[in-house]
Peer 1: 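Quick one: the structure is below, questions incoming.
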Amino acid sequence: MGRQLRPRLMANAADGCAQKILVAAKAAGLEVETVASTVPVPELHAGNSVIKYTNAILRYVGKVYDGNSMYGKTFHESAEVDSWLDWTELELGSETPPRMQAALEALERHLENRTYLVGHRYTIADAALSCSLHHFYRQGGVTLPRATRRWFGTCVSQDAFKAIVGAVDLGRMPAAPTATASSASAARGGETTAGGVVVERYSKSVGGRTRISRILLAEDGGASLVGQKVIVCGWAKTQREANKGKLVFIELNDGSCCATLQVVVDCAAKGFETLKGKLGTGASLKCVGHLVESPGGKQKVELLVKDGDEIQLFGGVEASDYPLSKKAHTNEYLRSIAHLRPRSNLIGCVARVRAALCQATHEFFRSKGFVYVHTPLITAADCEGAGEMFQVTTLLNDFEKNGLPKDAAGKVDYSKDFFGKPAYLTVSGQLAVEPFCCSLSNVYTFGPTFRAENSHTSRHLAEFWMIEPELAFANLNDNMACAEDYLKFCVRYTMKHHMEDLQFFDKQVEPGLIKRLENLVAEPFARVTYTEGIDILIKESPTAKFQTAVEWGMDLNSEHERYLCEKVFKKPIILYNYPKDIKAFYMRLNEDGNTVAAMDVLTPAIGEVIGGSQREERLDVLDRRIDEMGLHKEDYWWYRDTRRYGTVPHAGFGLGLERLIMLTTGVENIRDVIPYPRYPGHAEF
């Protein structure tokens, strides 16, 4: 962009939000005119454009000049900058942040070995966060730990900061306790030695081990630890002998990352003789040695176990017996040894990404003020009205002896059952979490759900996990915005914390995966009505040659969903306002009487990822819909009460965790993204 137009910032120059913008603009070399204003949020007037809200303006400032790197030099760095801008607003956006100490601890962990928040340059994220912390510093209510204090000093020393905010006397800032210096490592489950090696806190039985990821995934690949003595424990991926058996080379993995650490064991090391005949793939070991520069190009360092060092064999493996040999195995075979398949690269990476997505889910909703609610697994209500539910009963316990109890009509007498009525494993926690939404406002539930669908496809499981938020005083538009924000947060979180695993998937599972994920978070999702989507598909049908003909009123197949995402819009879309006859009874009926305020988030390569709706808050309409679906109102008396007593507009959505993992990893079969898959005819392990 050119410099001809001088943007005008409509805000109070002394306001904290305005200071963030002015500092970032100054650092970017952008001249901004400040105009005193009483507008509720900052506004930047640039030519014919008006940009509102602090973070939106900061992003604009960061993009003004292509060469200043204020928004990150790469797409991945830009995504990290976005995450830190959102984090700053969520954690420090109020006058009295409720989680200030926890926020500082998280910041300290991130900054322990960094100069700036993202990459090696000052960005708009540094400008925003340092201004926020300066606000609390002036109030005297913040004590910064060592690494954060160092970073803060770097930020406030920037010419841009001093020009806008003024000089900061760091000598007046209370010093953090000396113990804080190691708190970042300790908070991650480890303690740092004098040589900079992080030792796991709960590993005293083996002398204090170091995770392999702390070595190989360090920014310098472990080069700064050369010469340090470390203890690593794990399982042998491969092994070979050299120098007529006097040296053994072991590729060791401990599950903390996908990479393996090469361990070179000299015959003079203590315990060397115990390896003979037992050091097969899968053998478990403790290796005590020194990190040295690796002569090969695969990694920066390797572990040398020599005279005076030690190797201990915990559990040997006879190579001919081990089911998971080092050769490649099919995913079908790996499912037959589900107890061992976490040691494979594929399932190990999936497990780490799955854990990260669970963590991201809780972090997102907690940061947005949602309350986590545990909903029951056993229910008498069919949320979807499909009837494909597993029944829970104790009547079969005495079946062979006494037979099933019958009522006067000759039907099974469920009054004699454990719950006194038919009961099932839930297919959704939505109905149970809605009453909490109508009492606590925004809530979410996250737990296992079950469906007795006799399906053998790669997209269905009998047991799966669902994330289901509910938003009070919200409509379909609010729901769509929340779903989009949540999905992007999860993808960014995984890209930030598990890029190594994603690189494995990009190379071995879906070439181009990382680019697809970058595209997902890059721009807003398209929003298209169901009717508009059908019209597009009908028009495209002659060239698309769909297997199933397209007509209004149908439930779209995966081929239709993916065509809209991949061929038409070339990005994720949100399809909304579906025909009422293909949706559940609780979805709000639109004014046209034919559609409901339902929405599905569709993404390239996957199709439907999220399904949700505005809920029907009108009791008379809800009752009519229950009748139309052939359900019994008496089974939902408690659900109907929420409409009788203080009903409110509300909305929510459901997301299958396994679908989210497939989206993030590119793994195509849902049976490979859950530890122990349950499907027809299979309940092993």
Side-chain angles (χ1 to χ4, degrees), residues 90 357-358 360-385 426-449 464-490 574 576-578 583-590 596-601 608-619 621-622 625-626 631 635-657 659-660:
L90 292 168
L357 290 170
C358 292
T361 294
H362 289 300
E363 287 195 16
F364 175 83
F365 288 115
R366 177 201 58 76
S367 68
K368 302 293 186 184
F370 284 66
V371 177
Y372 181 32
V373 178
H374 292 156
T375 51
L377 300 186
I378 299 175
T379 179
D382 183 355
C383 178
E384 300 294 339
T426 186
V427 298
S428 168
Q430 178 208 317
L431 298 188
V433 83
E434 273 194 59
F436 282 80
C437 170
C438 296
S439 303
L440 304 178
S441 294
N442 293 355
V443 298
Y444 74 106
T445 184
F446 181 10
T449 53
F464 50 97
W465 286 65
M466 288 291 292
I467 300 110
E468 298 174 285
E470 289 289 324
L471 295 73
F473 312 105
N475 62 13
L476 185 64
N477 287 326
D478 298 314
N479 203 35
M480 290 190 285
C482 181
E484 180 173 347
D485 287 349
Y486 165 68
L487 195 59
K488 288 182 174 179
F489 182 91
C490 288
I574 304 179
Y576 64 99
N577 286 348
Y578 279 77
K583 290 297 181 179
F585 71 91
Y586 51 75
M587 298 185 177
R588 194 181 200 278
L589 190 66
N590 288 326
V596 289
M599 63 94 176
D600 287 335
V601 178
E608 180 190 343
V609 176
I610 294 176
S613 71
Q614 184 174 343
R615 312 311 189 190
E616 183 56 78
E617 84 279 11
R618 300 163 295 186
L619 180 60
V621 181
L622 179 67
R625 292 288 291 142
I626 290 175
L631 303 174
D635 291 339
Y636 301 91
W637 65 271
W638 52 274
Y639 185 73
R640 296 172 62 249
D641 271 359
T642 61
R643 276 64 175 174
R644 296 175 62 198
Y645 307 124
T647 187
V648 297
H650 60 289
F653 60 84
L655 167 67
L657 174 63
R659 287 281 181 92
L660 178 59

Peer 1: Return the set of residues passing side chain to side chain contact (heavy atoms under 4.5 Å, CB included) with Asp635 (not counting sequence neighbours), or none when no residue passes.
Peer 2: His632
Peer 1: By salt bridge (Lys or Arg N to Asp or Glu O under 4.0 Å), which residues pair with Arg659, not counting sequence neighbours?
Peer 2: none
Peer 1: Go through the steps to decide whether Asn479 and Gln614 satisfy the test side-chain contact (heavy atoms from CB on, under 4.5 Å), and finish with yes or no.
Peer 2: CA-CA 7 Å; Asn479 203 35; Gln614 184 174 343; over 6 Å; no
Peer 1: For a quick test of reading the model, state the closest non-hydrogen atom pair linking Ile467 to Thr361 and the distance between them.
Peer 2: CG2-CG2, 3.8 Å
Peer 1: Check Val601 against Ala483 and note the closest heavy-atom contact, atom names and distance.
Peer 2: CG2-CB, 4.2 Å
Peer 1: For Asp641, give me all partners under salt bridge (Lys or Arg N to Asp or Glu O under 4.0 Å), at least two apart in sequence or on another chain.
Peer 2: Arg644
Peer 1: Start with the C-alpha distance between Arg618 and Thr647, add both sets of side-chain angles, then the distance that settles side-chain contact (heavy atoms from CB on, under 4.5 Å), and finish with yes or no.
Peer 2: CA-CA 8 Å; Arg618 300 163 295 186; Thr647 187; over 6 Å; no
Peer 1: When the ring centroid of Tyr639 is compared with that of Tyr586, is the distance short of 6.0 Å?
Peer 2: no
Peer 1: Between Val427 and Met466, is there a side-chain heavy-atom distance shorter than 4.5 Å?
Peer 2: no
Peer 1: Just list the side-chain donor-acceptor pairs under 3.5 Å for residues 435-444, sequence neighbours left out, or say none.
Peer 2:
{"residue": "Ser439", "atom": "OG", "partner": "Pro435", "partner atom": "O", "Å": "3.0"}
{"residue": "Asn442", "atom": "OD1", "partner": "Ala472", "partner atom": "N", "Å": "3.1"}
{"residue": "Tyr444", "atom": "OH", "partner": "His362", "partner atom": "ND1", "Å": "2.6"}

Peer 1: Could you pull out the closest heavy-atom pair between Pro469 and Phe370, with the gap in Å?
Peer 2: CB-CE2, 3.9 Å
Peer 1: Only counting residues at least two apart or in another chain, list the ones meeting salt bridge (Lys or Arg N to Asp or Glu O under 4.0 Å) with Glu484.
Peer 2: Lys488
Peer 1: Less than 4.5 Å apart, side chain to side chain, heavy atoms only: is that true for Asp478 and Phe473?
Peer 2: no
Peer 1: For ring-ring contact (aromatic ring centres under 6.0 Å, His included), just list the numbers for Phe365 and Tyr486, CA-CA rounded to whole Å, side-chain angles, deciding distance to a tenth of an Å, and then say yes or no.
Peer 2: CA-CA 8 Å; Phe365 288 115; Tyr486 165 68; 5.1 Å; yes
Peer 1: With side-chain contact (heavy atoms from CB on, under 4.5 Å) as the test, would you mind laying out the steps for Cys482 and Phe653 before giving the verdict?
Peer 2: CA-CA 9 Å; Cys482 181; Phe653 60 84; 3.9 Å; yes
Peer 1: Compare every heavy atom of Arg643 with every heavy atom of Glu616, then report the nearest pair and how far apart it is.
Peer 2: O-NE, 2.8 Å
Peer 1: Taking the basic N atoms (NZ, or NE/NH1/NH2) and the acidic carboxylate oxygens, is any pair closer than 4.0 Å for Glu617 and Arg615?
Peer 2: no
Peer 1: Measure the shortest side-chain to side-chain distance between Lys583 and Ser613 over non-hydrogen atoms and say whether it is less than 4.5 angstrom.
Peer 2: no
Peer 1: In Å, rounded to the nearest 0.5 Å, how long is the span from CG of Leu655 to CD of Glu608?
Peer 2: 10.0 Å
Peer 1: Under a 4.5 Å cut-off applied to non-hydrogen side-chain atoms, are Cys490 and Leu660 in contact?
Peer 2: yes
Peer 1: Cut-off 3.5 Å, side chains only: do Thr642 and Glu434 have a donor facing an acceptor?
Peer 2: no
Peer 1: Test Leu657 against Phe446 for side-chain contact (heavy atoms from CB on, under 4.5 Å), laying out the working first.
Peer 2: CA-CA 9 Å; Leu657 174 63; Phe446 181 10; 4.0 Å; yes
Peer 1: What is the minimum heavy-atom distance between Asn577 and Ala597, and which atoms define it?
Peer 2: OD1-CA, 3.8 Å
Peer 1: Looking at Val596 and Leu589, what are the two nearest heavy atoms and their distance?
Peer 2: CG1-CA, 4.0 Å
Peer 1: Go through the structure and list residues passing side chain to side chain contact (heavy atoms under 4.5 Å, CB included) with Thr375, not counting sequence neighbours.
Peer 2: Val373, Ala432, Val433, Thr445
